[in-house]
Amino acid sequence: MSIDVGTGEDVPQFGTLVRQHRLRIGLTQRELADFSTVSVRAIRDLEQGRARRPRQDTVRLIADGLRLGLRARAELETAANQGRTSWAVKAAYEADPPAPPFALDVLVGREAETSTLTGELASGAERLVTVAGVDGVGRTRLALEVVTRLHTAERTPVLWYAADAAPTGGDRLAALVRACVHQLLGADDGTDDIAAFVDTVADRPPVLVVDGVTDPVVRADRVATLLRDCPGLRILVTAAQPLRLPGERTFLLTPLAVPEDDDPLTIGQSPAVRVFVERARRVRADFTLTATDSRLVADICRRVDGLPLALQAVASWLVVYDVPTLHQCLHADPAGLLHHLAGADGDIRLRDALEHRLAALPAADRDLLAELCHRGDRFGLADVTVLTGRSLPDSGRTVRDLVLRGLVRPSYEAGQSWFRILHLIRAAQLHAAPRLAPGVPAHVGA
């Protein structure tokens with residue numbers, strides 16, 4: 001004989017109705033199972049909310065077992081269909097796999113990153129990938145390139161959710177995607193939009209892109225449920241930092257490689273220089289990288305850390321500057337670097353985003369970064385242990401967090417690890433320092 005268990009608040013209406021009708025006529029779960037030929041386990045799971053999408057034949061058999069009249073049977077069928085995606089939406093999804101948004105520009109300098117991510121998602125080796133990195137590094141553009149290749153090569157459905165986009169009506173599939181993602185991000189409105197999403201896409205699993213997550217608080221249990229109930233689904237997230245979810249593959253997107261020396265023969269092959277030249281030609285169609293300007297352009301790319309958005313902003317100034325003047329402007333006043341970039345095509349968002357990222361750091365890490373900005377071009381773990389008094393493992397965890405946030409770039413020279421703070425982060429730090437409230441320490445130990 002089965003034992004009735006009290007239902008919780010999260011039980012859907014169908015399970016609640018089944019339990020109410022069963023208790024009203026005095027049946028146990030075992031007896032209802034015998035009358036309906038539905039397994040006792042299935043009945044228990046439905047009543048307790050563990051199963052949320054009963055098949056139509058299951059609904060009919062339970063209604064027969066409960067001896068329901070026409071009105072009660074209709075109410076039970078309505079409850080069973082709550083949250084279930086309409087046949088029309090599912091049919092349209094399967095007939096015409098959704099495509100990603102159309103890219104307006106060509107991706108330059110990201111061949112290795114694109115190939116790696118495309119291969120991992122195509123093979124299913126990774127099902128939950130977060131592309132993390134500093135603002136302006138091109139997380140969204142890389143994600144778009146990857147899913148475009150998947151859709152083109154295999155007709156893989158791509159469902160795209162942009163966190164900063166205003167909701168639009170009319171598209172029921174887009175509304176379903178929004179509702180599902182909102183539940184993954186913690187929304188609780190009493191609906192089971194994740195189950196409805198699975199019901200729609202399970203037969204042809206897509207790549208779900210969640211672009212622009214700013215708050216890393218995601219419901220790990222719901223993500224796990226979605227991946228479990230929809231085998232073959234892959235989730236690609238772009239975020240300011242890793243989400244720290246079980247099974248998450250963190251893909252740290254670093255800035256584009258900049259020239260390592262001033263050799264004119266190799267400068268033009270640098271990915272950062274290639275992007276600079278491509279952007280420069282949008283404002284000056286006759287722009288060419290001359291031997292005279294190549295070293296200045298190489299240094300400009302270093303000064304903006306190879307960040308694609310910064311390269312775009314700097315190159316836009318060539319509509320009024322020549323290369324030597326642009327180089328002088330960027331090199332003369334490091335603290336004014338972000339002010340200069342802020343004027344380029346309204347890219348003030350880059351400055352604000354970097355300063356916001358600094359402000360979001362824990363106070364101790366922010367003070368450490370401020371001190372390191374004043375101490376030189378690079379630092380090692382030994383420097384961090386001296387400044388903080390922490391152990392080597394604790395210092396390593398601190399630096400690792402700064403690296404994963406995209407604020408610090410690692411390098412390896414002669415078998416030893418070194419770290420460099422991005423020039424733009426240094427400029428943001430210097431720009432923000434004068435605005436600290438009185439009494440707030442400007443660096444560790446101050």
Practice task
Output, in order, the C-alpha distance, side-chain angles, deciding distance and verdict of salt bridge (Lys or Arg N to Asp or Glu O under 4.0 Å) for R249 and E120.
Solution key: CA-CA 10 Å; R249 189 271 207 252; E120 291 179 353; 2.9 Å; yes
Problem - Test log, rule side chain to side chain contact (heavy atoms under 4.5 Å, CB included), inputs V304 and H423 - result: CA-CA 6 Å; V304 297; H423 287 94; over 6 Å; no
Problem - Evaluation steps, side chain to side chain contact (heavy atoms under 4.5 Å, CB included), between V177 and L208 - result: CA-CA 9 Å; V177 172; L208 172 62; 3.9 Å; yes
Practice task
Evaluate salt bridge (Lys or Arg N to Asp or Glu O under 4.0 Å) for D171 paired with R178, printing each intermediate quantity in order.
Solution key: CA-CA 11 Å; D171 188 337; R178 287 197 304 271; over 6 Å; no
Handout entry: Residues V158, L150; criterion side chain to side chain contact (heavy atoms under 4.5 Å, CB included); working and verdict
Key = CA-CA 9 Å; V158 176; L150 290 173; 5.6 Å; no
Practice task
Verify side chain to side chain contact (heavy atoms under 4.5 Å, CB included) between F379 and I421, making sure each step is shown before the conclusion.
Solution key: CA-CA 9 Å; F379 66 93; I421 302 172; 3.9 Å; yes
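Between P157 and P97 the shortest heavy-atom distance is CG-CB, 3.9 Å. Between A220 and L245, the closest heavy-atom pair is CB-CD2, 3.7 Å. Taking both residues in full, the closest heavy atoms of R234 and T156 are given as NH2-CG2, 3.6 Å, listed atom of the first, atom of the second, then distance. The two residues L381 and G396 come nearest to each other via the heavy atoms CD2-CA, 3.9 Å. Here the shortest heavy-atom pairing between E355 and A428 reads CG-CB, 4.1 Å. Between D322 and R284, the shortest heavy-atom distance links the atoms CA-NH1, 4.4 Å.
In terms of modelled atom types and a separation under 3.5 Å, the side chain of S270 and the main chain of T266 share no donor-acceptor contact. For the pair R204 (side chain) and E94 (backbone), a donor-acceptor distance under 3.5 Å is present. Between the R375 side chain and the D383 main chain, no donor and acceptor come within less than 3.5 Å of each other. The main-chain N or O of G212 is found under 3.5 Å from a side-chain atom of T238 such that the two form a donor-acceptor pair. Judged purely by atom type and a 3.5 angstrom limit, R366 uses its side chain to pair as donor or acceptor with the backbone of A359. When atom types are taken as modelled, the side chain of R302 and the backbone of P259 share a donor-acceptor pair closer than 3.5 angstrom. The closest donor-acceptor contact from the side chain of R222 to the backbone of L184 lies at 3.5 Å or more, if one exists at all. Between the side chain of H327 and the backbone N or O of I300 there is no donor-acceptor pair closer than 3.5 Å. Formation of a donor-acceptor pair under 3.5 Å by the R141 side chain with backbone atoms of D105 is found in this model. Checked by atom type and distance alone, the side chain of E248 pairs as donor or acceptor with a backbone atom of R244 at under 3.5 Å.
Taking a cutoff of 4.0 Å between a charged side-chain nitrogen and a carboxylate oxygen, D135 and R357 qualify as a salt bridge. A salt bridge links E111 with R274; the closest basic N to acidic carboxylate O contact falls under 4.0 Å. Ion pairing between D305 and R420 fails under the 4.0 Å rule for side-chain N and carboxylate O.
Considering CD of Q241 and OG1 of T214, their distance stands at 10.0 Å, rounded to 0.5 Å. In this structure, CZ in R426 is found 9.0 Å from NE2 in H374, a value given to the nearest 0.5 Å. One finds the OG1 atom of T118 at 11.0 Å from the CD atom of E113 (value rounded to the nearest 0.5 Å). Rounded to the nearest 0.5 Å, atoms CG (L243) and OG1 (T250) are 7.5 Å apart.
Applying the side chain to side chain contact (heavy atoms under 4.5 Å, CB included) test between R405 and each of V134, L361, I425 identifies L361 as the sole match. The side chain to side chain contact (heavy atoms under 4.5 Å, CB included) test with V403 is passed by exactly one of L407, V399, D401: V399.
At a cut-off of 3.5 Å, with distance as the only test, a side-chain donor of R390 or T398 sits close to an acceptor on the other residue.
Counting heavy-atom neighbours within 6.0 Å of R400 CZ, excluding the residue itself, gives a total of 12 or less. Annotation for H356: atom NE2 does not count as buried by contact number, only 12 or fewer foreign heavy atoms lying within 6.0 Å.
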